[in-house]
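This report refers to the structure that appears directly beneath it.
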Amino acid sequence: MRKEKYDKKCKELIVYEENTLKRAIAFTEPMKEKLSENGLKVRIKLYWSDDGHYSEEASSERKEIKSGYICFMCISICKEFEDPDDFDLLHICDLFSITRVAFIRPFHFFFKDSIDKMLKRVQNNYEQILLKGYGQVLEELKKRSKWKEPLT
């Protein structure tokens, strides 16, 4: 792939990530008041990795766009006083890749994932929290989770 075309694709990915973040912020804005009334908050954050998956090396700063590049969006609902980055605490969190880059000789492939399913999950979690309460929803999610031990 020629450098100009590659650079153009990289710029498109960055614009897509920024627009996706704006869309998620706008989507969750109407939820904030009700969550706050229940002592909860919503936090949206992007993470980047250059090894093709989410790991401890994921960063809140954009990585170089190359093979293995991936951008994740995390939408967390947690208690107002909790830090969503504290992995010792359990909170309701949706993690979803929004862009990826793979190199399969001789081409780079650029992927843009839809966040529609993620936003539907966030909406469902929000509705369940209003219906059942945060603690009950958290317990139900823990039971369905594949993680049986704390992530330490």
Heavy-atom side-chain contact between I65 and I14 under 4.5 Å = yes
Just wondering, do M31 and V42 contact through their side chains at under 4.5 Å, heavy atoms?
-> no
Roughly how far, to the nearest 0.5 Å, is the OH atom of Y69 from the CZ atom of R62?
-> 4.5 Å
Rounded to the nearest 0.5 Å, what separation is found between the CD atom of E29 and the CD1 atom of I44?
-> 9.0 Å
Full working for side-chain contact (heavy atoms from CB on, under 4.5 Å) between K8 and K5 = CA-CA 5 Å; K8 182 180 178 193; K5 189 174 181 181; 5.6 Å; no
Exercise: identify the closest heavy-atom pair between E61 and W48 | C-CE3, 3.4 Å
Flag yes if more than 12 heavy atoms outside E80 fall under 6.0 Å of its CD atom; otherwise flag no.
-> yes
Interatomic spacing from CD1 in I115 to CE in M73 - rounded to 0.5 Å = 5.0 Å
Looking only at non-hydrogen atoms, find the nearest pair between L21 and L46 and report the distance.
-> CD2-CD1, 4.1 Å
L130 versus N38: any side-chain heavy-atom pair under 4.5 Å?
-> yes
Closest approach of A26 and P30, non-hydrogen atoms and distance?
-> O-CD, 3.4 Å
Would you say E64 and D50 make side-chain contact, with heavy atoms under 4.5 Å?
-> no
So with a 6.0 Å cut-off around CD of E37, is the heavy-atom count from everything else above 12?
-> yes
Separation of K3 NZ from Y6 OH (nearest 0.5 Å) = 8.5 Å
Between S49 and F72 the two heavy atoms that sit nearest each other are CB-CE1, 4.4 Å
What do the steps show when you test N19 against K22 for side-chain contact (heavy atoms from CB on, under 4.5 Å), and what is the final call?
-> CA-CA 5 Å; N19 288 341; K22 289 175 188 172; 4.2 Å; yes
Report yes if some heavy atom in the side chain of K120 is under 4.5 Å from a heavy atom in the side chain of Q123; otherwise report no.
-> no
Given side chains that start at C-beta, do those of K41 and I77 come closer than 4.5 Å, heavy atoms only?
-> no
Any Y134 side-chain heavy atom under 4.5 Å of L35 side chain | no
Under 3.5 Å: donor-acceptor pair, side chain of T28, backbone of A24 = yes
Once you round to the nearest 0.5 Å, how far does CG of L131 lie from OH of Y126?
-> 12.0 Å
Student check: side-chain heavy atoms of D116 and R23 closer than 4.5 Å | yes
Supply the atom-to-atom distance C78 SG to R43 CZ, rounded to the nearest 0.5 angstrom.
-> 7.5 Å
